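Just below is one structure, and these are the notes that go with it.
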Amino acid sequence: MDFREEAAAIAPELIALRRELHRIPEIGLDLPKTQAAVLAALEGLPLEITLGQSSTAVTAVLRGGKPGPVVLLRGDMDALPVTEETGVDFTSEHVGTMHACGHDLHTTGLVGAARLLAAHQAELAGDVVFMFQPGEEGHDGAGHMIAEGVLEAAGRKADAAYGLHVMSDMLPRGVFTTKPGPMMAASSGLFVTVVGRGGHGSRPHATLDPIPVAAEIVTALQNLVTRRFSTFEPIVITVGTFHAGTRHNIIPDNATFEATVRTFSQEALEQVEKESVKLAEDIATAHGLTAEARFVREYPATVNDADEAAFIESTVRDVFGAERYREMPFPVMGSEDFSRVLENVPGSYVFYGATIKEDPADAASNHSPRAAFDDSVVADGAALLAELAVRRMARG
């Protein structure tokens, strides 16, 4: 099987599908147009297809001609609430919604892998589960699919799982990278409302002003990171929203803010959950106000199996050449709900450079309204997924 050559032969069709998906981005768990496009692209392949009950997920199982392991391949399908500014001629037709994270390439790559592997069905020594997942961007689509049985879709639990994520910057075009152990952080949300007593801005002494108290909590959270945690324990707390008041001369009753919290270890997660809430409550109390603080765990850390990460590296080097692989020195603070799959099945995630710039540092990053991806990389992405499935099945 020469999946690179076979993928190159269907590259124009894959690129056309990617651009079709790019025009019709959808958000969350309900992606009817995207699901319809995926089902049309899979039509005629010898797949056992199951549709999601709580979402528009698509699970497709390819039965190999010989017994062997079950390999799961995943591609996420949802977009972001971003208004596109790339200027491409296949720009989003849905104002305020954009495939700014490259999930249209992931979906297309998974369709390509299905086509490549289906063409060799009789030779496959095992089964392949294709996980077309909605709702990665904060809607826990992986959790929904796991609850509905995607990991056992072949009739027994998957033996290995792989996923691929394109990057609009960070990596040169066509270069893959991964690492053993933690690759992406766990994400949590901290939601704080400081409750005071409002009044006229000219008489702050007659009020309980929540704004400076909330601002003090925001600053203190940064000190919490540097003074309560080891410098060798990476933690990020970033306040993304802060809301208070209606006019410059009115002290409001409440001030609210929301923060994202990124951690890697379970110990750090438990500590920051406890201490961030206590910090907010205690600072408010010290000023005679109250704070309602809520900590919500979202996605766990994405932790690659060491053997599976090494397997991806060796496969990339063998199939594409050593120059197409780069060591990943550090994990990143982004989060990913493929982590839920990796909590249950040994496997690995891999990043793939899809920048349109010669120097990735000149490119807009994922989630930017100007994030652009070179879809010429889709064929090799599909080829890698197919290679990983076949080689992993061959290992038994």
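What you are looking at is a predicted structure, and each value in this text was computed from that prediction instead of being measured.
Here the closest heavy-atom approach between residue Leu31 and residue Thr56 is recorded as N-OG1, 2.7 Å. Considering all non-hydrogen atoms of both residues, Lys66 and Ala122 come closest at CE-O, 4.0 Å. Scanning all heavy atoms of the two residues, the minimum distance from Val192 to Ala293 falls at CG2-CB, 4.1 Å. Shortest non-hydrogen contact noted between Ala153 and Val129 is CB-CG1, 4.1 Å. Listed here is the closest heavy atom pair of Ala255 and Ala214: CB-CB, 3.9 Å. Of all heavy-atom pairs spanning Leu117 and Ala389, the tightest one is CD1-CB, 4.0 Å.
For Thr315 (side chain) and Leu388 (main-chain N/O), no donor-acceptor pair under 3.5 Å exists by modelled atom type. Side-chain atoms of Thr86 never come within 3.5 Å of backbone atoms of Ala372 as a donor-acceptor pair (strictly under, hydrogens ignored). Between the Thr219 side chain and the Ala215 main chain, a donor and an acceptor come within less than 3.5 Å of each other. With Tyr299 contributing its side chain and Ala185 its backbone, the two residues share no donor-acceptor pair below 3.5 Å. Side-chain N or O atoms of Thr238 include none that pairs as donor or acceptor with a backbone N or O of Thr260 at under 3.5 Å. The backbone N or O of Ala79 lies less than 3.5 Å from no partner atom in the side chain of His103, so there is not a single donor-acceptor pair. Side chain of Thr59 to backbone of Phe132: no donor-acceptor contact under 3.5 angstrom is found. The backbone N or O of Glu137 sits less than 3.5 Å from a side-chain atom of Asp78, completing a donor-acceptor pair. Checked by atom type and distance alone, the side chain of Gln121 pairs as donor or acceptor with a backbone atom of Arg63 at under 3.5 Å. In this structure, the side chain of Asp337 engages the main chain of Ala142 through a donor-acceptor pair within 3.5 Å.
Taking the charged nitrogens against the carboxylate oxygens, Asp76 and Arg74 do have a contact shorter than 4.0 Å, which makes a salt bridge. Checked for salt-bridge contact, Lys33 and Glu26 miss the test: no charged N lies under 4.0 Å from a carboxylate O. Electrostatic pairing of Arg392 and Asp159 does not count as a salt bridge here, judged by no charged N lying under 4.0 Å from a carboxylate O. Look at Arg317 and Glu327 and you find a salt bridge, because one of the NZ, NE, NH1 or NH2 atoms lies within 4.0 Å of a carboxylate O, short of that distance. Checked for salt-bridge contact, Arg395 and Glu308 meet the test: a charged N lies under 4.0 Å from a carboxylate O.
Residue Leu110 is grouped with residue Tyr162 when hydrophobic side chains (ILVMFWY) are merged at heavy-atom distances under 4.5 angstrom, including chains of intermediate members. Hydrophobic cluster membership is shared by Tyr349 and Met167, with clusters built from Ile, Leu, Val, Met, Phe, Trp and Tyr side chains linked at under 4.5 angstrom. Taken together through direct or relayed side-chain contacts under 4.5 Å among Ile, Leu, Val, Met, Phe, Trp and Tyr, Val341 and Leu384 form parts of separate hydrophobic clusters. Using a 4.5 Å cut-off between side-chain heavy atoms of Ile, Leu, Val, Met, Phe, Trp and Tyr, with links allowed through other members, Val58 and Leu72 fall into different hydrophobic clusters. Note: the hydrophobic cluster containing Ile356 does not contain Val175 (ILVMFWY, side chain heavy atoms under 4.5 Å, direct or indirect links).
For the pair Asp30 and Pro32, the minimum side-chain heavy-atom distance is below 4.5 Å. Residues Leu190 and Leu221 form a side-chain contact, since some pair of their non-hydrogen atoms from C-beta on lies under 4.5 Å apart. Under the 4.5 Å side-chain criterion, counting only non-hydrogen atoms from C-beta, Asp104 is not in contact with Pro25. Under the 4.5 Å side-chain criterion, counting only non-hydrogen atoms from C-beta, Val319 is not in contact with Phe3. Considering only heavy atoms from C-beta on, Arg297 comes within 4.5 Å of Ser188 through its side chain.
As a member of the Ile/Leu/Val/Met/Phe/Trp/Tyr network built from side-chain separations under 4.5 Å, Met98 groups with Leu80, Val82.
Using a 3.5 Å distance cut-off with no hydrogens or angles, the side chains of Glu84 and Thr91 do pair a donor with an acceptor. A donor and an acceptor atom, one from each side chain of Ser168 and Asn366, are located under 3.5 Å apart. For the 3.5 Å distance criterion, the side chains of His144 and Ser54 qualify, holding a donor opposite an acceptor.
Taking the ring centre of Phe191 as origin, the terminal cationic atom of Arg294 falls inside the region bounded by 6.0 Å and 45° from the ring axis.
Remark: Leu289 CG to Ile283 CD1 distance equals 12.0 Å, nearest 0.5 Å. Taking CG of Asp140 as the start and CD of Glu298 as the end, the distance is 10.0 Å to the nearest 0.5 Å. Taken from CG in Asp380 to CG in Leu385, the straight-line distance is 11.0 Å, to the nearest 0.5 Å. The line from CZ of Arg262 to CZ of Phe264 is 9.5 Å long, rounded to the nearest 0.5 Å. One finds the CD atom of Glu93 at 8.0 Å from the CD1 atom of Ile24 (value rounded to the nearest 0.5 Å).
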| message | Before you tell me yes or no, could you show the steps for Arg391 and Met393 under side chain to side chain contact (heavy atoms under 4.5 Å, CB included), namely the whole-Å CA-CA distance, both residues' side-chain angles and the distance that decides it to 0.1 Å? | response | CA-CA 5 Å; Arg391 292 178 181 225; Met393 287 187 286; over 6 Å; no

| task | Could you give me the CA-CA distance, side-chain angles and deciding distance for Leu14 and Thr108, then say whether side chain to side chain contact (heavy atoms under 4.5 Å, CB included) is met? | result | CA-CA 6 Å; Leu14 296 179; Thr108 302; 3.8 Å; yes

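If you run salt bridge (Lys or Arg N to Asp or Glu O under 4.0 Å) between Asp374 and each of Arg173, Lys357, Arg18, only Arg173 comes through. With Phe351 as the fixed residue, the side-chain contact (heavy atoms from CB on, under 4.5 Å) test singles out one of Thr178, Val166, Val332: Val332.
Taking Phe242 as the reference, nothing meets the ring-ring contact (aromatic ring centres under 6.0 Å, His included) condition, with sequence neighbours excluded.
Between His22 and His99, the angle of the ring planes lies from 30° to 60°, which puts this pair in the tilted group.
In Glu323, the CD atom is crowded: over 12 heavy atoms of neighbouring residues, nucleotides or ligands sit closer than 6.0 Å. Taking a 6.0 Å sphere around CZ of Arg19, one finds it holds more than 12 heavy atoms contributed by other residues, nucleotides or ligands.
Residues Tyr352 and Phe176 bring their aromatic ring centres within 6.0 Å.
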